[in-house]
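Remarks on the structure that follows.
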Amino acid sequence: MAQAVEEWYKQMPIITRSYLTAAIVTTIGCSLDIISPYDLYLNPKLVVKQYQIWRVITNFLYFRKMDLDFLFHMFFLARYCKLLEENSFRGRTADFFYMLLFGATVLTGIVLLGGMIPYVSASFAKIIFLSNSLTFMMVYVWSKQNPFIHMSFLGLFTFTAAYLPWVLLGFSVLVGASAWVDLLGMIAGHAYYFLEDVYPRMTGRRPLRTPAIIRSLFADEPVVAVRPAAVRFAAPAMDDAPPQ
């Protein structure tokens with residue numbers, strides 16, 4: 001059993017494996033009081049005035065208590081992040097990393113701007129960890145890129161993948177979780193889907209082209225052309241043969 005888990009872990013693509021590992025280690029560390037969540041949550045004042053820049057990143061790594069909700073999000077992270085990286089972004093690790101960076105930036109911007117709007121600022125002020133929202137964004141993007149796959153929810157009913165975010169949103173409301181977190185993920189996911197898939201088809205322009213500096217951080221998967229053993233190449237024609 002342990003060997004099977006190890007093999008499953010090693011076969012994960014690099015971004016999925018790195019994010020899943022960081023999320024589990026951070027959440028376990030907080031549960032064991034090795035790390036304090038107060039040092040991780042998103043606090044714009046501490047980021048700007050005390051230069052605690054790490055909070056912009058660490059708020060995406062902590063998934064709160066290790067309960068059923070934590071297991072659900074680890075499943076979503078391991079499954080849909082892996083599916084995106086292995087299929088839609090196969091051989092495009094830099095593009096996948098840029099997608100996550102774009103989503104994290106959009107989510108952070110929404111929370112910061114929402115905290116300045118009267119009447120809703122109190123609701124946004126309660127959102128201090130965006131890990132669940134980023135995971136939901138990946139689910140949304142995957143559902144948009146694979147809308148016709150048939151799925152089943154807990155064996156109760158079937159639906160196509162296009163409705164998966166809405167099914168999960170309804171489930172979150174039923175179990176008493178905040179709908180804001182999932183809605184933010186859907187907004188960020190739709191922003192990416194529109195700019196990356198819809199807008200280029202409409203205009204021929206791609207605004208989310210991955211910057212060269214990010215591409216330089218990742219080596220694309222090599223494409224190997226295999227030559228069949230039984231195939232031989234003909235000798236060049238006499239006119240094209242090199243001079244003796």
Go through the structure and list residues passing side-chain contact (heavy atoms from CB on, under 4.5 Å) with [X], not counting sequence neighbours.
X	result
Val106	Phe102, Ile110, Ala188
Tyr193	Lys144, His190, Asp197, Val198, Arg201
Leu83	Arg79, Tyr80, Asn87, Trp142

Donor-acceptor under 3.5 Å (Asn59 side chain, Leu130 main chain): yes

Under 3.5 Å donor-acceptor, Asn146 side chain and Ile149 backbone: no

Please list, chain by chain and in numerical order, all residues satisfying salt bridge (charged side-chain N to carboxylate O under 4.0 Å, His left out) with [X], sequence neighbours excluded.
X	value
Lys82	Glu86
Lys49	none
Arg206	Glu196

Just to verify, what does [X] make a side-chain hydrogen bond (donor to acceptor under 3.5 Å, both in side chains) with, not counting sequence neighbours?
X	result
Thr16	Glu85
Arg205	Tyr199
Ser31	none

Heavy atoms from other residues, nucleotides or ligands near CG of Leu32 exceed 12 (cutoff 6.0 Å): yes

Over 12 non-hydrogen atoms of neighbours within 6.0 angstrom of CD1 in Ile57: no

Residues that, via side-chain heavy atoms closer than 4.5 angstrom, fall in one hydrophobic cluster with Val56: Val47, Ile53

Close aromatic pair by centroid cut-off 6.0 Å: Phe157 and Phe159: yes

Set of residues satisfying ring pair (Phe, Tyr, Trp, His ring centres under 6.0 Å) with respect to Phe96, sequence neighbours excluded: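 Applying ring pair (Phe, Tyr, Trp, His ring centres under 6.0 Å) to Phe96 gives Phe89.
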
Pairs meeting criterion ring-ring contact (aromatic ring centres under 6.0 Å, His included) with involvement of residues 28-54, two or more places apart: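 Checked against ring-ring contact (aromatic ring centres under 6.0 Å, His included) - neighbours excluded - no pair reaches residues 28-54.
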
Reported CG-to-CG distance for the pair Leu42 and Leu112, which is rounded to 0.5 angstrom: 6.0 Å

